[in-house]
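Working notes, structure below.
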Amino acid sequence: MRFVIISHAVIKQKNNSLFAYEPYVREMNLWLQNVAKTKIVAPISKNAISPIDAPFESKNIAIDEIPSFHLIGIKNKISTIFKIPIIIFKIFKAMLWADHIHLRCPGNIGLLGTIVQVFFPSKSKTVKYAGNWDPKSKQPLSYRFQKWILSNTFLTKNCKVLVYGEWKNQSKNIVPFFTASYRENEIIEISEKELKEKIHFIYVGAFTEGKQPLLSVKVIEKLKKKGVNVQLDMFGDGKKYELVKNYIEHNHLEKHIVL
């Protein structure tokens, strides 16, 4: 089977190996055990391999590089106008090649992928929606648009959309999906805590808009102002890292929040 992945996750190369964001790679390594040929349509970075990157195990992977883009700032918006036709063409060409189409959403590349897949109604597809699927949650317009297309069984055919949580009144192609952290025999009972001493919080994940790392910081800040003895340790990286770091320094939260 020819399997194509459309993703905004940046690919890095080192010693003939391909690396990307570890949770995504671990998941794909399981899927790709059953695939003959794989093509990934994604941006490529020349940055050094970071601690949150991991290698793809399959050696039979071709990369179709596309430019990354975002819409923050006038300069980026103008450059995006020229990038989008190139990206759409490469996504269309890759989907034409594939037997199975796999989209990683939400994200800018995922948004374009959800639009292009409409033109391939007969091809089997899966979508991993790694964001908040709650229909009542406040989200950016691009996220809501992706969710609308994916839920519309007239536009999105022959597709299973894997989402976190079970929600009412969903279309038949929406499949509740949970990432297992432990086997049942590994689960231990946790006794209730009285929370009289320092309360330790932990944030582990990407520093991106969708994950809202700054919200975690502001929660700790409010608890501190109410006199609660708290500490937050944050592990991760991403585009919002410097924003979070500057907020912590500006508001003198270094003693309570560790990056």
Side-chain angles (χ1 to χ4, degrees), residues 1-14 16-25 27-29 31-32 35 37-50 52-56 58-120 123 125-131 140-143 145-146 149-150 155-156 159 161 206 208-210 237-240:
M1 178 173 68
R2 293 180 297 187
F3 188 86
V4 67
I5 304 170
I6 312 296
S7 173
H8 63 275
V10 173
I11 299 291
K12 298 176 183 177
Q13 296 175 302
K14 182 180 179 182
N16 297 320
S17 293
L18 301 175
F19 291 76
Y21 181 52
E22 183 174 15
Y24 153 60
V25 171
E27 189 174 293
M28 287 295 92
N29 281 340
W31 288 45
L32 298 183
V35 173
K37 294 182 180 180
T38 303
K39 182 177 288 186
I40 301 177
V41 182
I44 294 179
S45 172
K46 294 182 180 179
N47 293 338
I49 307 300
S50 73
I52 62 171
D53 294 322
F56 286 93
S58 173
K59 301 302 179 183
N60 194 16
I61 299 177
I63 303 297
D64 200 346
E65 182 180 3
I66 55 174
S68 61
F69 72 94
H70 56 84
L71 300 173
I72 300 174
I74 300 229
K75 185 178 179 181
N76 289 320
K77 288 179 180 177
I78 293 173
S79 67
T80 296
I81 294 173
F82 299 96
K83 290 178 180 178
I84 285 180
I86 297 170
I87 297 170
I88 289 177
F89 174 76
K90 290 197 172 185
I91 291 175
F92 186 91
K93 186 178 177 182
M95 289 186 177
L96 196 63
W97 169 87
D99 297 314
H100 184 92
I101 297 165
H102 181 65
L103 300 176
R104 308 293 295 192
C105 296
N108 291 336
I109 306 301
L111 172 61
L112 298 179
T114 57
I115 295 171
V116 177
Q117 63 82 27
V118 172
F119 299 96
F120 296 92
K123 294 208 173 188
K125 311 179 195 84
T126 46
V127 178
K128 171 66 183 294
Y129 193 92
L141 178 61
S142 63
Y143 283 27
F145 184 63
Q146 288 174 68
I149 292 179
L150 296 174
L155 297 174
T156 303
C159 179
V161 184
T208 60
E209 182 179 357
D237 201 356
K239 292 181 179 179
K240 297 294 181 181

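The figures that follow rest on heavy atoms only: side chains count, while hydrogens, waters and symmetry mates do not. All values derive from a computational prediction rather than experimental measurement.
Between V4 and A98, the shortest heavy-atom distance links the atoms CG1-CB, 3.4 Å. The minimum heavy-atom distance linking V127 with C159 is given by the pair CG2-SG, 3.7 Å. When all heavy atoms of S7 and A9 are compared, the pair lying nearest together is OG-N, 2.9 Å. Minimum interatomic distance between P67 and I109 (heavy atoms only, all atoms of both residues): O-CD1, 4.3 Å.
In this structure K123 satisfies the side-chain contact (heavy atoms from CB on, under 4.5 Å) test together with I101, F120, sequence neighbours excluded. For the ring pair (Phe, Tyr, Trp, His ring centres under 6.0 Å) test, residues two or more places apart in sequence or in another chain that qualify with H102 are F3, W31. Residues that satisfy the side-chain contact (heavy atoms from CB on, under 4.5 Å) test with E209, not counting sequence neighbours, are P140, K240. For D237, there are no salt bridge (Lys or Arg N to Asp or Glu O under 4.0 Å) partners, not counting sequence neighbours. Listed by chain and residue number, nothing satisfies the ring pair (Phe, Tyr, Trp, His ring centres under 6.0 Å) test with W97 (two or more places apart in sequence, or in another chain). The side-chain contact (heavy atoms from CB on, under 4.5 Å) search around K14 returns F19, I49, not counting sequence neighbours.
Looking at F145 and I115, their side chains come closer than 4.5 Å, going by heavy atoms from C-beta outward. When side chains are defined from C-beta on, S45 does not count as touching Q13, because their heavy atoms never get closer than 4.5 Å. Inter-residue side-chain proximity for T114 and L103 is flagged as met; some heavy-atom pair is nearer than 4.5 Å. Residues I149 and Q117 meet the side-chain proximity criterion, which asks for heavy atoms closer than 4.5 Å. Taking the side chain as every heavy atom from C-beta outward, P106 and Y129 approach each other to under 4.5 Å. Between M95 and I6, some side-chain heavy-atom pair lies under the 4.5 Å cut-off. Counting heavy atoms from C-beta outward, P43 and I11 have side chains that stay 4.5 Å or more apart. In this structure the side chain of V10 never reaches within 4.5 angstrom of the side chain of S68, judged on heavy atoms.
Summarising the geometry, atom CG belonging to L111 is positioned 8.0 Å from atom CD1 belonging to I84; distances are rounded to the nearest 0.5 Å. Atoms CD and CG, from Q146 and L141 in turn, are 10.0 Å apart once rounded to the nearest 0.5 Å. A distance of 4.5 Å separates CD1 of I40 from CD1 of I5, quoted to the nearest 0.5 Å.
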* To do: Using the side-chain contact (heavy atoms from CB on, under 4.5 Å) rule, take I52 and E22 through it: C-alpha gap first, then chi angles, then the decisive distance, then the call.
  => CA-CA 6 Å; I52 62 171; E22 183 174 15; 5.6 Å; no
* **side-chain contact (heavy atoms from CB on, under 4.5 Å) between N108 and H8, intermediate numbers included** => CA-CA 7 Å; N108 291 336; H8 63 275; 5.9 Å; no
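Within the 3.5 Å criterion, the main-chain N or O of A48 finds a donor-acceptor partner in the side chain of K12. A distance-only check finds no donor-acceptor pair linking the side chain of E27 to the backbone of Y24 [under 3.5 Å].
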